[in-house]
Structures are given as structure tokens and as C-alpha cells.
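Report on the structure given below.
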Amino acid sequence: MRDRFSDSLLAWYDQHARTMPWRIGPTDRRQGIRPDPYRVWLSEVMLQQTTVAAVRDYFLRFTTLWPTVQDLAAARDADVMAQWAGLGYYARARNLLKCARDVAELGAFPDTAEGLRALPGIGPYTAGAVASIAFDRPEVVVDGNVERVMSRLFDIHTPLPAAKPELTERARELTPLDRPGDYAQAVMDLGATICTPRTPACGICPWRDPCLARQRGTAPDLPRKTPKKPKPTRFGIAYIGRRVDGAYLVETRPDKGLLGGMLGWPGSDWSESPAPCPPTSADWQAQSQVAQHTFTHFHLTLTVMTATLPAGCNPERGQFIDLVPSSLPTVMRKAYDIAAEQFETD
DNA sequence: AAAACGTGGCG
DNA sequence: TCGCCAAGTTT
């Protein structure tokens with residue numbers, strides 16, 4: 001039963017495996033070659049809730065700057081956060097550093113799912129993925145792709161997230177003892193290229209015959225999901241001060257909460273009616289264009305205030321730095337882009 | 001256990 | 001134009 005599924009999928013994977021900077025191909029792997037656990041772990045953390053296309057350049061930059069987990073462990077926090085800027089879910093970057101330092105202390109990555117699971121930023125999915133892909137252990141690996149594939153294969157109509165335990169159990173039963181690393185990547189490739197969310201290509205699927213949802217015509221409607229809550233709109237004010245020498249007044253945000261540990265503009269809270277709170281007295285000028293941004297759970301409309309600050313400026317909050325705009329999280333960069341236009345015309 | 005936590009692309 | 005979606009984890 002188990003091998004009937006894995007054999008057909010692995011045969012498909014041998015022909016259609018996608019190549020990625022952190023992967024080794026099925027041919028190399030069968031010769032006993034295994035991928036570098038550091039690169040597998042780094043890619044898996046970057047890929048949490050994030051598309052392959054978005055991750056690729058970040059992965060290449062990180063591995064160029066920090067080729068080993070020891071290099072990453074020795075990096076400065078601010079440098080890692082700056083390199084992560086734009087990828088989102090910044091707790092991942094803070095936990096990435098913690099994890100790298102724990103692993104450097106241990107001497108190497110744990111080679112079991114249980115050992116990996118104990119590290120910061122590694123949950124059930126990432127522990128299973130690294131254990132199977134890097135160490136060829138037959139651990140169950142359940143991401144969004146696998147949930148979709150299993151819900152269709154077994155025509156499970158229970159909505160997520162309630163269906164998660166059942167989908168995990170089904171996935172566990174199919175996980176083979178032979179080539180578990182290739183198998184884990186194969187199911188995810190299947191979900192990403194054939195068993196897609198909207199219009200699955202059932203006609204060319206290696207599992208088209210046993211798939212219950214294909215037989216019953218329910219595939220496009222699965223998996224079902226419980227409806228999401230609507231997003232409220234919040235408002236805020238950002239103060240972008242540029243000193244005459246070109247330095248910008250920025251703050252490092254507290255580690256906890258939204259955009260934790262990232263650079264940002266001094267400003268109000270983000271609420272229904274924020275109060276003005278200039279970080280230093282100056283002729284603050286409201287920009288006509290606002291920065292619009294949508295976070296996971298709310299929309300934000302950000303008013304951008306700009307001012308040119310004198311050489312001896314001594315602000316109540318923040319510090320002046322020679323700003324590299326790419327080190328800002330996206331919402332802050334949107335505000336910067338609006339301000340930069342203003343400063344250019346000054 | 002529900003909510004917090006980013007961003008860009010696509011139909 | 002806009003909601004949905006992408007290799008989830010933490011609290």
C-alpha cells in the first residue's frame with residue numbers, strides 16, 4: 001500500500017524534480033550524497049509561508065555572506081536582520097540567529113526530528129523536513145502542499161485547521177522507509193506543480209488513479225478552510241528626518257511584536273486615531289501621498305512626515321545612521337520612497 | 001487554542 | 001481590484 005504510492009511518485013520525481021540552490025538531485029542522492037544540513041535548514045526556515053521565487057535571492061545572499069552555521073552564529077544581529085529585510089515574518093530571523101548559535105554551541109545540527117524540534121524556530125514541519133531531507137529519516141512532513149494533496153487523495157472534506165491531525169496521519173501512513181528525503185520533496189513538488197490550489201492538472205498526476213477527489217470531481221474544492229476574519233484598517237504617522245549630511249533618523253524596534261528587531265521610522269502607534277509625536281522639534285511637513293500596506297491581520301494607512309534636520313540635532317528618540325534602504329522592512333521602505341521623492345526636490 | 005506575525009504574485 | 005495563497009512557529 002505504502003510503496004504503491006511512493007514508487008509511482010518517486011518515479012515521477014526522478015523525471016520532474018525541480019532544481020533549487022539548496023537541493024541536490026535524485027541522481028546524486030542515490031549515490032549516497034546528502035545535502036548540507038545548514039543549507040537545508042536555512043532554506044526551510046526561509047520557505048515558511050513564503051514562495052520559492054521570493055526565497056531564492058535571499059538564500060544565495062545569506063550563503064554567500066555566511067557559508068556555514070558557524071559563520072552565521074558569529075554574525076551581528078543587525079546585519080542578519082538587515083539581510084532578512086523584505087522577507088517578512090521577522091521572528092524567523094531572530095530565531096534563525098538563536099538557532100545558529102545553539103547549533104554552533106552543540107557543534108552540529110541534531111540528526112533527528114526530535115532533536116531538531118527543540119531548537120528555536122523549528123516546529124513540527126521544519127523538524128520533519130530537515131530530518132528527512134538532510135538525514136534521510138522517514139519522518140512525516142506536512143506543509144500546505146501536503147495538506148492539499150492528502151485532502152484530495154483521500155477526499156477529506158473536514159475544513160482546515162480541524163482536519164490537520166487526520167491529514168498528518170494519512171501522510172504518515174504513506175511515508176516510505178526508502179528514499180524518505182526524496183519522497184518529502186516529491187510530495188511538495190507535486191503540490192506546487194500538479195496538485196495546485198485552483199486548477200489541478202489531474203490528467204498528468206502520478207496519483208490520478210488512486211485519487212478519490214479526482215474520481216469524484218471534488219479536487220478543485222479541496223482542501224476546505226474555515227473562513228477568515230476580515231482585516232480592520234489602522235492609521236499611523238511616520239517621521240522621516242534627514243540630517244543635512246544625509247543621515248536618517250531611525251529606530252531599532254523592540255524584539256517583541258510586529259517588525260520586531262527591525263529598523264523603522266520613529267512614529268505614532270498604529271491605531272484608529274494616532275496622536276502626533278515628532279521625535280525632535282523641526283518643521284515637519286506632511287506628504288500628500290500616504291503609504292498603504294497590508295499586514296497579516298490589518299491594513300495600514302501611514303501618513304509620512306518629512307523634515308530636514310540641522311547638523312547638531314539631538315533627537316528625543318532614535319539614532320542617525322547612513323541608511324541602506326534595502327535594510328528596511330517593506331512598509332518602512334514604502335514610507336521612505338515617498339519621503340525620498342520630497343528630499344530630491346528640495 | 002485562537003491570534004499574532006509580512007510580503008509579493010496571481011486570477 | 002482584492003482576496004487567496006506560499007515549504008509554519010510561537011504564545
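Numbers restart at 1 for each chain; the letters A, B, ... are given by sequence-line order, proteins then strands.
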Gap between atoms CG and P, on A:L87 and C:dG8 respectively (whole Å):
13 Å

For A:A127 and for A:H299, find the nucleotide of DNA chain C with the closest heavy atom, then tell me which residue's nucleotide is more 5'.
A:H299

Just to be sure I understand the rule, does A:T296 reach a base, reach only the sugar-phosphate, or reach nothing, if contact means heavy atoms closer than 4.0 Å?
base

CD of A:E44 versus C1' of C:dT9: gap in Å, rounded?
14 Å

Could you measure between the two C1' atoms, the one in C:dA6 and the one in B:dC5, and give it in whole Å?
15 Å

Rounded to whole angstrom units, what separation is found between the CZ atom of A:F295 and the C1' atom of C:dC2?
18 Å

Rounded to the nearest Å, what distance is computed from the CG atom of residue A:L258 to the C1' atom of nucleotide C:dT11?
16 Å

Short side-chain donor-acceptor distance under 3.5 Å, A:T308 and A:R243:
no

Categorize A:M262 for me: base, sugar-phosphate, or nothing, with a 4.0 angstrom heavy-atom threshold over every strand shown.
nothing

For DNA chain B, note the earliest and the latest nucleotide, 5' to 3', having some atom under 4.0 Å of a heavy atom belonging to chain A.
B:dA3 to B:dG11

Indicate, with a heavy-atom threshold strictly under 4.0 Å, whether A:S43 touches base, sugar-phosphate, or nothing.
nothing

Looking across every strand, which nucleic acid part, if any, lies under 4.0 Å from A:W22 by heavy atom: base, sugar-phosphate, or nothing?
base

Tell me whether the side-chain N/O atoms of A:R148 come closer than 4.0 Å to OP1 or OP2 in C:dA6.
yes

Sugar-phosphate, base or nothing in reach of A:V52, heavy atoms under 4.0 Å
base

In this structure, how many angstroms lie between the C1' atom of C:dT10 and the CG atom of A:D255, rounded?
14 Å

Do side-chain atoms of A:S327 reach the backbone of A:L323 as a donor and acceptor pair under 3.5 angstrom?
no

Classify the nucleic acid contact of A:G260 as base, sugar-phosphate or nothing, counting any heavy atom under 4.0 Å across all strands shown.
nothing

Just the rounded figure in Å: distance from C1' of C:dG8 to OH of A:Y125.
9 Å

Pairwise 5' ranking along DNA chain B for A:K334 and A:R198, keeping only the more 5' one:
A:K334

Check the distance between C:dT10's C1' and A:H297's NE2 and give it to me in whole angstrom.
14 Å

Within the structure shown, what part of the strands sits under 4.0 Å from A:L259 by heavy-atom distance: base, sugar-phosphate, or nothing?
sugar-phosphate

Charged N to carboxylate O under 4.0 angstrom, A:R4 versus A:D209?
no

d(CG, A:L160; C1', C:dA6) in whole Å
14 Å

Looking at C:dG8, I'd like to know if its phosphate oxygens (OP1 or OP2) sit under 4.0 Å from a side-chain N or O belonging to A:Q49.
yes

Let me know, please, whether A:Y89 or A:K98 comes out on the 5' side of the other along DNA chain C by nearest nucleotide.
A:Y89

Beyond-backbone contact of A:R234 with A:F295, side-chain heavy atoms, under 4.5 angstrom:
no

Is it true that the side chains of A:T126 and A:Q48 contain a donor and an acceptor less than 3.5 Å apart?
yes

At under 4.0 Å between heavy atoms, what does A:G191 touch on the DNA or RNA strands: base, sugar-phosphate, or nothing?
nothing

Integer angstrom distance from the P of B:dG8 to that of C:dT9:
22 Å

Considering only NZ, NE, NH1 and NH2 on the basic side and carboxylate oxygens on the acidic side, decide whether A:R30 and A:D182 come within less than 4.0 Å.
no

For A:T27, which residues count as a side-chain contact (heavy atoms from CB on, under 4.5 Å) partner, sequence neighbours excluded?
A:Q31

Please tell me whether A:W284 and A:T306 have a donor and an acceptor in their side chains that are separated by less than 3.5 angstrom.
no

